[in-house]
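Inspection log for the structure reproduced underneath, given as structure tokens.
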Amino acid sequence: MAGVFEVEVDGVEHDHGHGHHDEAQQIDLSQLSAEEKWRLEHARMHAKHKGHEAMHAEMVLILIVTLVIAQLLLVQWKQRHPKSYNLVTLFQMWVVPLYFTTKLHWWRFLATWFIFSAVTALVTFRATRKPLDCTTPRLVYKWFLLLYKMSYTTGIMGYSVVMFTLFGINLIFRIKPEDAMDFGVSLLFYGLYYGVLGRDFAEMCADFMASTVGYYSASGMPTKHLSDNICAVCGQQILVDVSEEGIIENTYRLSCNHVFHEFCIRGWCIVGKKQTCPYCKEKVDLKRMFSNPWERPHVMYGQLLDWLRYLVAWQPVIIGLVQGINYILGLE
């Protein structure tokens, strides 16, 4: 043996050499083999964390209780005051990742965040003006639909890269596993984050525009009567003569017999997250609207984004609350 040491763990002396305890405190670690160093560090770790099992159990219990209570409070808040809940959630979705990425110096994300914020701010400004320009609804839905499709494609690419890496396909192209995994996770993060944030902004803009047009009201009756030849989403004529100015495109009739521009009603349901008629609020049958099997994944992707909103917006807050409780109780 190159050295002598002994460490006391749980009241029992573990002798790993020849000598006394006083000599163990002054031992030269450079004289120990790698295995002896590992054993010494392992014994010291056990001695240091002696009796921490109860504390860890308390921390886990606090985490579970806080998660349950926070979930119940968030559900009640969303049901009773959906407008304030959505605004606060949107603000946190927008700001929380900015704080962490600035702290970690992720400049690439910050660049995309500022571009997204600038364009979305312009579109949102247009959507909240009164009177509403006749081209604004389509501009809004085009931007958010483009963003939605880009996030969908980016997310799918990121997921595919992660799966290919797990199966070792990256080695065919001589790409290191850690590089391929980092690239895939980054794409997945970009797709999911901007998908969630874009849908929330789109829902807010859709409410503003529809209320301004007058054929939709979040609560109560609309302020205008809808004629058969008007699209309640954009307020423009559905069928126009050759000499008239208007939008010429396919139309779609809901089960309530109200007719809309196909682009408008799809933007209203997919991008604006609405599942009711913009005029009478009768529930829209999405399965009938998206009968093409290639379009149905967009609906499922939208539902996934709604679920991820909780993780991005509220999970950091809840974890911070748990850490604060642990600090107050002296568990950290």
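With rounding to the nearest 0.5 Å, the separation of NZ in Lys176 from CG in Leu171 is 12.5 Å. Interatomic distance, Thr89 OG1 to Leu74 CG, rounded to the nearest 0.5 Å: 7.5 Å. For the atom pair CD1 (Ile169) and CZ (Phe173), the distance works out to 8.0 Å, reported to the nearest 0.5 Å. Taken from OH in Tyr148 to OG1 in Thr153, the straight-line distance is 10.5 Å, to the nearest 0.5 Å.
Under the side chain to side chain donor-acceptor pair (under 3.5 Å) criterion, Tyr190 pairs with no residue at all, not counting sequence neighbours. Residues that satisfy the side chain to side chain donor-acceptor pair (under 3.5 Å) test with Ser255, not counting sequence neighbours, are Glu282. With sequence neighbours left out, the side chain to side chain contact (heavy atoms under 4.5 Å, CB included) criterion links Phe125 to Arg129. By the side chain to side chain donor-acceptor pair (under 3.5 Å) test, Arg174 is found to be paired with no residue, residues two or more places apart in sequence or in another chain being considered. Residues forming a side chain to side chain donor-acceptor pair (under 3.5 Å) with Trp77 (at least two apart in sequence, or on another chain): Ser84. By the ring pair (Phe, Tyr, Trp, His ring centres under 6.0 Å) test, Tyr159 pairs with no residue at all, sequence neighbours left out.
By the 4.5 Å heavy-atom criterion applied to side chains, Ser160 and Leu187 are not counted as neighbours. In this structure the side chain of Thr66 never reaches within 4.5 angstrom of the side chain of Ile69, judged on heavy atoms. By the 4.5 Å heavy-atom criterion applied to side chains, Phe144 and Val123 are counted as neighbours. By the 4.5 Å heavy-atom criterion applied to side chains, Thr251 and Glu262 are not counted as neighbours. Residues Phe164 and Leu166 have side chains not in contact (no heavy-atom distance under 4.5 Å, counting atoms from C-beta outward). Side-chain contact between His261 and Ile265 is absent, with no heavy atoms from C-beta onward closer than 4.5 Å. For the pair His258 and Phe260, the minimum side-chain heavy-atom distance is below 4.5 Å. Inter-residue side-chain proximity for Leu110 and Leu98 is flagged as met; some heavy-atom pair is nearer than 4.5 Å.
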*Decide side chain to side chain donor-acceptor pair (under 3.5 Å) for Thr101 and Trp107; before the verdict, give the C-alpha distance in whole Å, the side-chain angles of both, and the deciding distance to 0.1 Å.*
CA-CA 8 Å; Thr101 52; Trp107 307 120; over 6 Å; no
*What's the verdict on side chain to side chain contact (heavy atoms under 4.5 Å, CB included) for Thr120 and Leu197, showing C-alpha distance, side-chain angles and the deciding distance?*
CA-CA 10 Å; Thr120 302; Leu197 198 58; over 6 Å; no
_Walk me through whether Tyr194 and Thr112 qualify under side chain to side chain donor-acceptor pair (under 3.5 Å)._
CA-CA 10 Å; Tyr194 287 114; Thr112 60; 2.7 Å; yes
*Show the numbers, then the answer: is there a side chain to side chain contact (heavy atoms under 4.5 Å, CB included) between Leu72 and Val68?*
CA-CA 6 Å; Leu72 292 175; Val68 172; 4.3 Å; yes
*When you look at Val162 and Met181, which way does the side chain to side chain contact (heavy atoms under 4.5 Å, CB included) test go after all the steps?*
CA-CA 6 Å; Val162 170; Met181 187 62 72; 3.8 Å; yes
*Give the intermediate values and the outcome of side chain to side chain contact (heavy atoms under 4.5 Å, CB included) for residues Tyr141 and Met209.*
CA-CA 11 Å; Tyr141 287 126; Met209 291 187 301; 4.1 Å; yes
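Shortest non-hydrogen contact noted between Pro177 and Thr165 is O-CG2, 3.6 Å. Scanning all heavy atoms of the two residues, the minimum distance from Ala127 to Leu132 falls at O-CD1, 3.7 Å. When all heavy atoms of Val284 and Cys277 are compared, the closest pair comes out as CG2-N, 3.7 Å. The two residues Gly155 and Leu188 come nearest to each other via the heavy atoms O-CD1, 3.3 Å. Met93 and Tyr193 get closest at one heavy-atom pair: O-OH, 2.8 Å. Pro278 approaches Leu254 most closely through the heavy-atom pair CD-CD1, 4.4 Å.
When each of Thr128, Thr124, Thr136 is tested with Cys205 by the rule side-chain contact (heavy atoms from CB on, under 4.5 Å), just one qualifies, namely Thr124.
Below 30°, between 30° and 60°, or above 60°: for Phe189 and Phe109 the angle between ring planes is between 30° and 60°, a tilted geometry.
Residues Val185 and Phe167 fall within the same hydrophobic cluster, defined by Ile, Leu, Val, Met, Phe, Trp and Tyr side chains chained together at heavy-atom separations under 4.5 Å. Hydrophobic clustering (side-chain heavy atoms under 4.5 Å, transitive across Ile, Leu, Val, Met, Phe, Trp, Tyr) keeps Met157 apart from Leu146. Leu122 and Trp143 fall into different hydrophobic clusters, where Ile, Leu, Val, Met, Phe, Trp and Tyr are joined by side-chain heavy atoms under 4.5 Å apart, directly or via other members. Grouping the Ile, Leu, Val, Met, Phe, Trp and Tyr side chains by contacts below 4.5 angstrom, directly or via other members, places Trp113 with Val119. Phe201 and Ile115 fall into different hydrophobic clusters, defined by Ile, Leu, Val, Met, Phe, Trp and Tyr side-chain heavy atoms under 4.5 Å apart, directly or through other members.
A donor-acceptor pair is defined here as one N or O able to donate and one able to accept, closer than 3.5 Å; such a pair exists between the side chain of Thr212 and the backbone of Phe208. Under a 3.5 Å cut-off, the side chain of Asn170 and the backbone N or O of Ile175 do form a donor-acceptor pair. Judged by distance alone, with hydrogens and angles left aside, the side-chain atoms of Trp94 form no donor-acceptor pair with the main-chain N or O of Ser117 at under 3.5 Å.
Heavy atoms from other residues, nucleotides or ligands lying under 6.0 Å from CE of Met204 number more than 12. Crowding of Phe116 atom CZ: a count of heavy atoms from other residues, nucleotides or ligands under 6.0 Å exceeding 12.
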